[in-house]
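Inspection log for the structure reproduced underneath, given as structure tokens.
Computation of the quantities below employed the complete heavy-atom set of this structure, encompassing side-chain atoms and omitting hydrogens, waters and symmetry-equivalent molecules. FYI, the numbering just counts along the sequence from 1. Please read all numbers here as calculations on a predicted model, not as lab measurements.
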Amino acid sequence: MSNVRLPDVTAESDTPRRVLLAPSLLASDFTRLGDELQAIAGADWAHVDVMDGQFVPNISFGLPILAAARAASPLFMDVHLMIDRPERYLKDFADAGADGLTVHVESTPHIHRAVQQIRELGKKAGVTLNPGTPLETLRPLLPDVDLVLIMSVNPGFGGQKFIPHSLDRIRTVRRWLDELGSAAELQVDGGVGPTNARAVVNAGASNLVAGSAVFGPGGAQAGLERLREALK
């Protein structure tokens, strides 16, 4: 993998931070999924958004597309489950090729059990929450997760603008993780692109999801390079 390293992350962090880039397949051309995955071969992860039309007001792809992406690419398949009661389908997504599974605190009354199930399946366990949900709801889960995802847009649709106060939420969770000595990834998803990627990383993010900023004009490979250049 070609991780980005920032030699001078100043202002909010004096420590160089490894940054993983995770293009979101939701913004890709599904008719050319294999080609699109090849175009982002230089990324670190592929981000897969699963929506059920109930937890969020949209329906996206599910198990067959994940299985096809898994067959077409060796990238880490980072699966974000925006679905009600995700514990019903964790094994199915694990079997279809997920390397990591992220669940919403709002999606189930048994969020800790869902995190435990993901780990029992041998996958990386992630937790996330909507922009309007208090951060304190995820704090009890931090010792047990491999990834925390801060949504910087309201989940359900791609192409939205970054919510500015998300930077404060990133800073808060970064502080909590550092206090725990946690090595969990701090991922940010929603409206991330070349114009704000550095600010997001300076606030504490270690993992950036980008959809339209990567799968845009000039092709995905060029979009990925633009994002990487913005982090230098």
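Side-chain contact between L81 and T102 is absent, with no heavy-atom pair separated by less than 4.5 Å. Here the side chains of V103 and I118 are in contact, with some heavy-atom distance below 4.5 Å. Within the 4.5 Å cutoff, the side chain of F76 has no heavy atoms near those of the D44 side chain. Looking only at side-chain heavy atoms (C-beta outward), S107 and I83 stay at 4.5 Å or farther from each other. The shortest distance between side-chain heavy atoms of L141 and V148 does not fall below 4.5 Å. The closest side-chain heavy-atom distance from D52 to M82 is not below 4.5 Å.
The environment of R113 atom CZ is sparse: at most 12 non-hydrogen atoms of other residues, nucleotides or ligands sit within 6.0 angstrom. The number of heavy-atom neighbours closer than 6.0 Å to CZ of F61, taken from other residues, nucleotides and ligands shown, is above 12. No more than 12 heavy atoms of other residues, nucleotides or ligands shown are found within 6.0 angstrom of CD on Q221.
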Step-by-step side-chain contact (heavy atoms from CB on, under 4.5 Å) determination, L33 to S28: CA-CA 7 Å; L33 183 60; S28 70; 4.1 Å; yes

L177/R175 under side-chain contact (heavy atoms from CB on, under 4.5 Å): CA gap, chis, key distance, verdict: CA-CA 6 Å; L177 291 173; R175 185 176 72 252; over 6 Å; no

Evaluation steps, side-chain contact (heavy atoms from CB on, under 4.5 Å), between D49 and H47: CA-CA 7 Å; D49 288 309; H47 188 79; 3.0 Å; yes

Verdict with reasoning, S166 to M151, per side-chain contact (heavy atoms from CB on, under 4.5 Å): CA-CA 8 Å; S166 302; M151 291 300 301; over 6 Å; no

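A donor-acceptor pair under 3.5 Å is absent between the side-chain atoms of R198 and the main chain of P194, judged by distance alone. Side-chain N or O atoms of E36 include one that pairs as donor or acceptor with a backbone N or O of D29 at under 3.5 Å. Listed for the S73 side chain is no donor-acceptor partner under 3.5 Å among the backbone atoms of R70. Checked by atom type and distance alone, the side chain of D95 never pairs as donor or acceptor with a backbone atom of D92 at under 3.5 Å. At least one donor-acceptor pair under 3.5 Å links the side chain of D146 to the backbone N or O of A125.
Applying side-chain contact (heavy atoms from CB on, under 4.5 Å) to F162 and the options T195, V153, V188 leaves one that passes, V188. With L25 as the fixed residue, the side-chain contact (heavy atoms from CB on, under 4.5 Å) test singles out one of I40, V214, I65, L75: I40. Just one of T133, T137, T128 meets the side chain to side chain donor-acceptor pair (under 3.5 Å) condition when paired with E106; it is T133. For the side-chain contact (heavy atoms from CB on, under 4.5 Å) with L186, the qualifying choice from V200, I170, D178, N207 is I170, the only one to do so.
Using a 4.5 Å cut-off between side-chain heavy atoms of Ile, Leu, Val, Met, Phe, Trp and Tyr, with links allowed through other members, V209 and V127 fall into different hydrophobic clusters. In the hydrophobic clustering of ILVMFWY residues, with side-chain heavy atoms under 4.5 Å counting as a link, I59 and L26 come out apart. Residue Y89 is grouped with residue M77 when hydrophobic side chains (ILVMFWY) are merged at heavy-atom distances under 4.5 angstrom, including chains of intermediate members. Under the 4.5 Å side-chain contact rule for hydrophobic residues, I163 and V56 do not share a cluster.
Under 4.0 Å is where a charged nitrogen must lie from a carboxylate oxygen, and between R226 and E229 no such pair does. Remark: R139 engages E179 in a salt bridge, criterion side-chain N to carboxylate O under 4.0 Å. One finds a salt bridge joining D168 and R171 here, because a Lys/Arg side-chain nitrogen approaches an Asp/Glu carboxylate oxygen to under 4.0 Å.
No side-chain donor from either of D78 and H80 sits under 3.5 Å from a side-chain acceptor of the other. Side-chain contact check for D189 and S24: no donor-acceptor pair (N or O, by modelled atom type) lies under 3.5 Å.
Take R85 and apply the salt bridge (Lys or Arg N to Asp or Glu O under 4.0 Å) test, not counting sequence neighbours, and it matches no residue.
Here the NZ atom belonging to K91 is positioned 10.5 Å from the NZ atom belonging to K123, to the nearest 0.5 angstrom. Of the inter-residue distances, the one linking L90 atom CG with E87 atom CD reads 7.0 Å to the nearest 0.5 angstrom.
Closest approach of L37 to A72, counting heavy atoms only: CD1-CB, 3.9 Å.
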